[in-house]
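Inspection log for the structure reproduced underneath, given as structure tokens.
Small disclaimer: the values here were computed from a predicted structure and weren't measured.
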Amino acid sequence: MSVPSVTLPSGDEMPIVGVGTWDIGGDTVRESVRAALDGEYTHVDTAEGYHNESEIGEVVADYDREDLFLTSKVLPKNLNYDSVIASCEESLEKLGTDYLDLYLIHWPNPAVSLRETLDAMATLHDEGLVRNVGVSNFSAYQLSNALHVSDVPIAVNQIEFHPWLQRPEIVDYCRESDVVVEAAAPLARTEILGDDTVTELAEEYDKTPAQVVLRWAVEKDVVVVPKSSSADHIAENVDLFDWELDEADHERLDDLDRDYPVYDTPAREWSGDVYGISE
């Protein structure tokens with residue numbers, strides 16, 4: 001069964017399930033992306049900061065580019081105008097493509113003007129290097145700022161989202177603003193797979209715990225990009241569309257919200273390699 005998509009403000013279709021590639025590189029990411037693309041996936045999510053774009057580029061070269069949806073992200077230390085342009089061009093070179101389907105600001109950076117960053121994103125869009133522009137890890141307030149100063153639509157906000165962290169304020173604001181919600185760490189970096197409710201539902205539906213959690217998210221029209229280095233798990237993670245959760249079970253997962261982030265916590269290493277903000 002083919003993977004459904006969500007429609008971005010540009011009219012482009014974004015597959016609702018993609019393969020995530022955070023924290024994997026070398027042969028592992030090559031094998032994961034190839035397993036995904038040989039299966040039901042056409043959507044690959046990477047980032048400048050993942051340090052695996054070259055390996056992914058080697059794999060996607062074997063597939064029809066027009067059939068793929070490729071996302072990358074620019075690090076917050078590179079959000080001044082010239083660095084955004086340079087980062088995108090480097091990502092394109094490593095991925096071996098003329099354009100990105102989606103380019104995201106990976107994290108907001110308080111030391112760089114958001115208008116300057118989005119002016120660069122608009123330039124990339126106008127030059128055809130980026131088909132859609134988005135943000136990642138933006139609060140509702142930060143997204144409001146971006147929407148106000150951007151000359152191109154903000155298509156996506158990729159945020160940490162899973163049953164333990166449902167973030168209704170951000171999600172509702174995205175919906176009101178025609179911004180697609182994309183779940184980074186949709187499985188809470190595997191922590192949620194041992195949750196009692198999740199495991200009970202997995203047994204009842206004869207599905208994996210990951211499938212239960214991912215099905216819950218896509219039923220909310222949230223795009224998910226689960227990561228796995230297992231070909232079997234990669235196949236299972238997209239096998240979501242010939243079954244559904246009944247309403248009561250969907251609500252059982254809704255009731256798990258505990259405002260628990262696995263990565264999007266207030267602490268930041270501001271002087272490190274991600275932000276590079278000197279004191």
Can you get from [X] to [Y] by hopping between Ile, Leu, Val, Met, Phe, Trp and Tyr side chains that sit under 4.5 Å apart?
{"X": "Leu102", "Y": "Leu143", "answer": "yes"}
{"X": "Val6", "Y": "Val238", "answer": "yes"}
{"X": "Ile192", "Y": "Trp22", "answer": "no"}
{"X": "Val112", "Y": "Val149", "answer": "yes"}
{"X": "Ile105", "Y": "Leu70", "answer": "yes"}

With a 4.5 Å limit on heavy-atom distance, are the side chains of [X] and [Y] in contact?
{"X": "Pro226", "Y": "Asn237", "answer": "yes"}
{"X": "Val213", "Y": "Pro163", "answer": "yes"}
{"X": "Val44", "Y": "Thr71", "answer": "no"}
{"X": "Leu68", "Y": "Leu37", "answer": "yes"}
{"X": "Val74", "Y": "Ser91", "answer": "no"}
{"X": "Asp254", "Y": "His250", "answer": "yes"}
{"X": "Val19", "Y": "Lys227", "answer": "no"}

Subject >> Stepwise side chain to side chain contact (heavy atoms under 4.5 Å, CB included) check, Val60 with Arg65 >> reply: CA-CA 7 Å; Val60 300; Arg65 175 66 183 90; over 6 Å; no

If we count only N and O atoms by modelled type, under 3.5 Å, do the side chains of [X] and [Y] hold a donor and an acceptor together?
{"X": "Glu40", "Y": "Ser2", "answer": "no"}
{"X": "Ser83", "Y": "Asn80", "answer": "yes"}
{"X": "Gln142", "Y": "Ser144", "answer": "no"}
{"X": "Gln158", "Y": "Asp45", "answer": "yes"}
{"X": "Tyr173", "Y": "Asn157", "answer": "no"}
{"X": "Thr46", "Y": "Glu53", "answer": "no"}
{"X": "Ser87", "Y": "Glu48", "answer": "yes"}

About how many Å separate [atom2] of [Y] and [atom1] of [X], when rounded to the nearest 0.5 Å?
{"X": "Glu176", "Y": "Leu147", "atom1": "CD", "atom2": "CG", "value": "11.0 Å"}
{"X": "Ile159", "Y": "Leu165", "atom1": "CD1", "atom2": "CG", "value": "7.5 Å"}
{"X": "Glu31", "Y": "Asp38", "atom1": "CD", "atom2": "CG", "value": "12.0 Å"}
{"X": "Lys73", "Y": "Leu104", "atom1": "NZ", "atom2": "CG", "value": "6.0 Å"}
{"X": "Cys174", "Y": "Ile154", "atom1": "SG", "atom2": "CD1", "value": "10.5 Å"}
{"X": "Tyr275", "Y": "Trp270", "atom1": "OH", "atom2": "CH2", "value": "5.0 Å"}

**OP:** Please identify each residue that fulfils ring-ring contact (aromatic ring centres under 6.0 Å, His included) with Phe161, with sequence neighbours left out.
**Re:** Trp216

Original post:
For Tyr260, what residues pass the ring-ring contact (aromatic ring centres under 6.0 Å, His included) criterion, not counting sequence neighbours?
Top reply: Trp164

Measure across [X] and [Y] and return the closest heavy-atom pair with its distance rounded to 0.1 Å.
{"X": "Trp243", "Y": "Asp239", "answer": "NE1-O, 3.1 Å"}
{"X": "Val180", "Y": "Leu8", "answer": "CG2-CD2, 3.7 Å"}
{"X": "Ala155", "Y": "Asn132", "answer": "CB-CB, 4.2 Å"}
{"X": "Thr42", "Y": "Asp67", "answer": "CB-O, 3.2 Å"}
{"X": "Ser72", "Y": "Ala47", "answer": "OG-CA, 3.4 Å"}
{"X": "Ala111", "Y": "Ile277", "answer": "CB-CD1, 3.9 Å"}

Regarding [X] and [Y], does a basic nitrogen lie under 4.0 Å from an acidic carboxylate oxygen?
{"X": "Arg189", "Y": "Asp23", "result": "no"}
{"X": "Arg34", "Y": "Asp62", "result": "yes"}
{"X": "Glu13", "Y": "Arg131", "result": "no"}
{"X": "Lys94", "Y": "Glu55", "result": "no"}

Original post:
Under 6.0 Å from the CG atom of Asp206, do we count more than 12 heavy atoms belonging to anything else shown?
Top reply: no

Original post:
Crowded around Glu247 CD? As in, over 12 foreign heavy atoms under 6.0 Å?
Top reply: no

**OP:** Take Tyr99 and His125, measure what ring pair (Phe, Tyr, Trp, His ring centres under 6.0 Å) needs, and give me the verdict at the end.
**Re:** CA-CA 9 Å; Tyr99 68 94; His125 178 268; over 10 Å; no

Return yes if some donor-acceptor pair links the side-chain N/O of [X] with the main-chain N/O of [Y] below 3.5 Å, else return no.
{"X": "Ser150", "Y": "Pro153", "value": "no"}
{"X": "Glu182", "Y": "Val225", "value": "no"}
{"X": "Ser113", "Y": "Arg115", "value": "yes"}
{"X": "His43", "Y": "Pro15", "value": "yes"}
{"X": "Ser271", "Y": "Ser278", "value": "no"}

**OP:** Only counting residues at least two apart or in another chain, list the ones meeting salt bridge (Lys or Arg N to Asp or Glu O under 4.0 Å) with Glu219.
**Re:** Arg215

Original post:
Can you name the residues that form a salt bridge (Lys or Arg N to Asp or Glu O under 4.0 Å) with Glu58, not counting sequence neighbours?
Top reply: Arg30

**OP:** Kindly indicate, with the supporting measurements, whether the criterion side chain to side chain contact (heavy atoms under 4.5 Å, CB included) is fulfilled by Tyr103 and Leu124.
**Re:** CA-CA 9 Å; Tyr103 198 40; Leu124 293 169; 3.8 Å; yes

**OP:** For Asp151 and Asp119, run side chain to side chain contact (heavy atoms under 4.5 Å, CB included): C-alpha distance rounded to whole Å, both residues' side-chain angles, the deciding distance at 0.1 Å, then the answer.
**Re:** CA-CA 7 Å; Asp151 290 331; Asp119 282 350; 4.0 Å; yes

Subject >> Any pair counted as salt bridge (charged side-chain N to carboxylate O under 4.0 Å, His left out), so long as it reaches residues 157-175, sequence neighbours left out >> reply: Arg167-Asp264

**OP:** Decide side chain to side chain contact (heavy atoms under 4.5 Å, CB included) for Gln166 and Val171; before the verdict, give the C-alpha distance in whole Å, the side-chain angles of both, and the deciding distance to 0.1 Å.
**Re:** CA-CA 8 Å; Gln166 298 182 33; Val171 171; over 6 Å; no

Original post:
What pairs with Lys77 under side chain to side chain contact (heavy atoms under 4.5 Å, CB included), at least two apart in sequence or on another chain?
Top reply: Leu75, Asp273

Original post:
With under 30° as parallel and over 60° as perpendicular, where do the rings of Trp107 and Tyr263 fit, or are they tilted in between?
Top reply: perpendicular

**OP:** Go through the steps to decide whether Asp249 and Tyr205 satisfy the test side-chain hydrogen bond (donor to acceptor under 3.5 Å, both in side chains), and finish with yes or no.
**Re:** CA-CA 10 Å; Asp249 291 332; Tyr205 283 85; 2.6 Å; yes

